[in-house]
Amino acid sequence: MPRRYGPDGTALWNGKAPEEFSEADVYRFMAETEEVLQKRELLGGESDARSIAQQLAEGRTQAARDNAARPAKVAAKESRHDR
């Protein structure tokens, strides 16, 4: 796996610093960045991501309340089907 940061703390991409990029590296970096930006745009940005996380948390809380309100399951004697 390529390193993310150099020894001096600078950010690396695929193990390379920006000064070491070839023309092909630049195009791959641009394509990857565009893909990330398009995903963020499709998801509605960071504010929507936060609201989705909040909705999930509220759903988990509501499910826990609903599960707690259900009556306990009564253990029934299992019938024997081998007779």
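Quick note: numbers below take in every heavy atom, side chains included, and nothing from hydrogens, waters or symmetry partners.
Residues passing the side chain to side chain contact (heavy atoms under 4.5 Å, CB included) test with T61, sequence neighbours excluded: R65.
Distance check: E32 CD to L37 CG gives 11.0 Å after rounding to the nearest 0.5 Å. Here T10 contributes atom OG1 and E19 contributes atom CD; the two are 7.5 Å apart, rounded to the nearest 0.5 Å.
Of all heavy-atom pairs between K16 and D25, the closest is NZ-OD2, 2.5 Å. The two atoms that bring P18 and A11 nearest to each other are CD-O, 4.1 Å, heavy atoms only.
Taking the six-membered ring for Trp and thresholds of 30 and 60 degrees, F29 and F21 have ring planes inclined between 30 and 60 degrees apart.
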Given the rule in the side-chain hydrogen bond (donor to acceptor under 3.5 Å, both in side chains) test, do Q62 and E58 qualify, once you have shown the distances and angles that lead to the verdict? CA-CA 6 Å; Q62 184 63 40; E58 290 169 358; over 6 Å; no
